[in-house]
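Here is the structure we will look at.
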Amino acid sequence: MSKQIQRLTGMHDVLPDERRYWDTISRAAEEVTRRFGFQRIDTPILEATELFARGVGEGSDFFVQKEMYTIVEADGSSITLRPEFTAGFVRAYISNGLHNWSQPVKLYTIGPSFRRERPQAGRLRQHSQFNCEIMGEEDPAADVEVMMVAMSLYRELGFKGLVFQLNSTGCPVCKPGYIRELVAFLDNHYDRLADIDKERLTKNPLRVLDSKAPGMEALLAGAPHIADYLCDDCREHFADVRSLLDVLGQSYTINFRLVRGIDYYTKTVFEVWQEGIGAQAALCGGGRYDGLSEDIGGPPTPGVGFGSGIERVMLGMKEQGIEPAAATPLPILVAHFGGATKTAAVRLVYRLRDAGIGARLAFARGSRSLKSQMREADHHGARYVLILGEDEITRGVVAVKPLVEGEQQSQVALDEIVGWLAERITS
RNA sequence: GCGGGUGUGGUGUAGGGGUUAACACGUCUGGUUGUGGCCCAGAAGAUCGUGGGUUCAAAUCCCACCACUCGCCCCA
């Protein structure tokens, strides 16, 4: 006996019932991006390892080894299952010469990405993401545009009470100065830091702002705010973003503790939070990454975008009681009694399908009770059962049994059944 | 990598050392000769996560491992 093969840790099967959420989300995403003028792009799931090992920066090389799915090929080259989308986007932008298109270029995609981490609520090893980016544009209105794509998506889906978190993380000009100030402040309160935060202080001090350790709330309230250290360019950009959001009536919370772990972010960073979906409360996260293109060997190109995890949005929908559209049932089931009737049934089913009418064939080796075929039809929500028995065949008709109330059973000539049904079935 | 919780038919649960592991839902088949839902009857389906140990006896107690789950770390 072979051992049963089980699902890999952190990998989920999406069964039809769950899949309805996925469909609803991706349809909404497509609708919103259409209104905003974004075009779809699909980049490979596998990329050269250095693409990801590079763009993410020094402070966060931990996951490079530990959390990426990396394969070393026979020729020694190293390739990696994408752990994020932005780097691949930018690579595609460069590889395909999109910088020669009329700028900016507005793109989106939906697909899987992979991180080898411990699963928890809203965090899987394979997760799907809706990603949306604007390349080649410095205008703060572009920052606002991607934010509004996200907010419009959630609004379209029916979300309520989301919290829009906004911050500026500065740029290579002003960020280092801020970090120095922050480190100085934290050093002064070193004994009040948790062990983990002491460690972060040396490795990636900005992350201390994100600390969940008890007592940090109070301590960090007195910490320097980045807003006070931004250079003129960054300050102006941040102010423009905020005033545009004000113009649009889009509320937001300035959260100076909002830091994204990856170094490539410049200026704008934002997240949208929903309470109640676990410790991972962000439905999406994104920001501006003006230096990323150069980091991976491309021309200097500003960019701004965000990613939103489908599974997390799904959790959010469940939490808020948002129901996805029900699957549309197949309207017809064709029943038969075996032998010659089955041949006729098979022929009929394909005639219907060719005519664009959804039809299910009652499978059976030999004959099968009509009762059981009726039950199958009912189970799948069919509207009509087309019954083909010996009688019908000899008379060249089909018995039409409606499963919805108020309609009478009737007989229709086999030659006319397609037209007869087409008149009655909308789908 | 670390910590908490949980593992009993497909799903949700009951049972907490003693012979055929219970219930509900679901599935399937019947309730006369070719007609669904409701109802009724019946059936299939579980080596009680895996492996060790204690015991005359383990689903039940102990240990380990594994998986799931929640959280930490990290967060693209």
Side-chain angles (χ1 to χ4, degrees), chain A residues 1 3-12 15 17 47 51-57 59-68 80-90 113-124 127 129 131 194-197 199-200 203-204 206-207 210-213 259-265 269 271 277-282 284-287 289 292 305-309 312 333 335-338 341 362 367-393 399-405 409:
Chain A
M1 262 309 216
K3 212 173 152 191
Q4 200 179 29
I5 296 171
Q6 48 191 357
R7 224 175 37 187
L8 258 27
T9 295
M11 306 284 170
H12 272 198
L15 271 23
D17 220 36
E47 296 272 5
L51 175 65
F52 305 116
R54 197 163 191 167
V56 294
S60 33
D61 60 358
F62 171 80
F63 62 74
V64 169
Q65 316 151 7
K66 291 218 151 179
E67 300 200 348
M68 296 201 310
T80 291
L81 244 28
R82 67 179 173 208
E84 59 138 342
F85 285 74
T86 307
F89 253 112
V90 175
S113 77
F114 303 83
R115 300 172 199 179
R116 199 182 180 295
E117 57 194 351
R118 279 320 284 271
Q120 56 180 292
R123 291 186 93 166
L124 295 172
H127 79 282
Q129 198 165 305
N131 231 258
D195 288 348
I196 179 66
D197 288 322
E199 203 176 314
R200 285 204 267 224
K203 284 167 71 177
N204 196 354
L206 282 179
R207 297 292 312 170
D210 205 27
S211 176
K212 288 165 189 157
V259 290
R260 312 221 76 225
I262 292 311
D263 292 358
Y264 61 54
Y265 282 106
V269 291
E271 291 186 357
I277 57 172
Q280 311 301 319
C284 76
Y289 45 88
L292 181 56
F306 74 92
S308 183
R312 231 179 255 187
L333 179 128
H336 58 87
F337 296 89
T341 63
S367 63
R368 178 174 156 199
S369 78
L370 184 56
K371 185 192 198 86
S372 137
Q373 299 180 64
M374 291 295 294
R375 276 181 176 156
E376 178 177 342
D378 182 65
H379 181 84
H380 289 96
R383 186 159 154 209
Y384 296 107
V385 178
L386 307 188
I387 303 168
L388 281 171
E390 305 285 355
D391 288 1
E392 285 79 8
I393 303 276
V400 181
K401 160 86 178 183
L403 294 187
V404 289
E405 288 184 44
Q409 178 159 345

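What you see is a predicted model, and the numbers here were worked out from it, not measured in a lab. Residue numbers begin at 1 in each chain, while the letters A, B, ... track the order of the sequences.
Here B:U27 is the nucleotide among B:U27, B:C73, B:G36 with the atom lying nearest to any side-chain atom of A:H379. Distance from the side chain of A:K401 is smallest to B:G36 among B:G36, B:G30, B:C74. For A:A279, taking side-chain heavy atoms from C-beta onward, the closest of the listed nucleotides B:G34, B:A67, B:C72 is B:C72. Checked against B:G34, B:G30, B:C74, the side chain of A:I196 finds its nearest nucleotide in B:C74. Among the nucleotides B:C74, B:G36, B:C68, the one closest to the side chain of A:R7 is B:C68.
Residue contacts shown for A:T86 are absent, as no nucleic acid heavy atom lies under 4.0 Å away. Heavy atoms of A:A377 sit nowhere under 4.0 angstrom from any nucleic acid atom. Here A:H12 lies in heavy-atom contact (under 4.0 Å) with sugar-phosphate atoms only. If you check every strand for non-hydrogen atoms under 4.0 Å, A:Q409 touches a base. Among the atoms of the strands shown, none is found under 4.0 Å from any heavy atom of A:G285. Within the nucleic acid shown, A:R123 comes within 4.0 Å of at least one base atom, counting heavy atoms only. Residue contacts shown for A:E199 are absent, as no nucleic acid heavy atom lies under 4.0 Å away.
Figure legend. B:G1 is base-paired to B:C72; pairs are counted as Watson-Crick or G-U wobble with both atom distances under 3.5 Å.
Regarding contacts with the backbone of B:C75, a side-chain N or O of A:N204 is found under 4.0 angstrom from either OP1 or OP2. The shortest distance between the side-chain N/O atoms of A:H380 and the OP1/OP2 oxygens of B:G37 is not below 4.0 Å. For A:S372 and B:U29, the shortest distance from a side-chain N or O to OP1 or OP2 is below 4.0 Å. In this structure, A:Q120 reaches the B:C72 phosphate: one of its side-chain N or O atoms is under 4.0 Å from OP1 or OP2. For the OP1/OP2 pair of B:C72 and a distance below 4.0 Å, the side-chain nitrogens and oxygens of A:K212 include at least one atom meeting the criterion.
Spacing of P atoms, B:C73 relative to B:G16, comes out at 41 Å, to the nearest Å.
In this structure, the OH atom of A:Y289 is 20 Å from the P atom of B:C75, given to the nearest Å. The nearest whole Å value for the distance from the CZ atom in A:F52 to the C1' atom in B:C75 is 15 Å. Computed from coordinates, the A:R375 CZ to B:U35 P distance equals 12 Å when rounded to whole Å. One can place NZ of A:K203 at 9 Å from C1' of B:C74, the figure rounded to the nearest angstrom.
Between A:V385 and A:A335, the closest heavy-atom pair is CG1-CB, 3.9 Å. Residues A:P83 and A:S113 approach most closely at O-OG, 3.9 Å, considering heavy atoms.
Remark: the A:R118 side chain and the B:C74 base include no donor-acceptor N/O pair separated by less than 3.5 Å. Within 3.5 Å, a donor on the side chain of A:D378 pairs with an acceptor on the base of B:G36, or the reverse. In the interface, the side chain of A:R200 is not paired with the base of B:C73 through any donor and acceptor atom under 3.5 Å apart. If you check distances only, the side chain of A:Q280 never reaches the base of B:G71 with a donor-acceptor pair under 3.5 Å.
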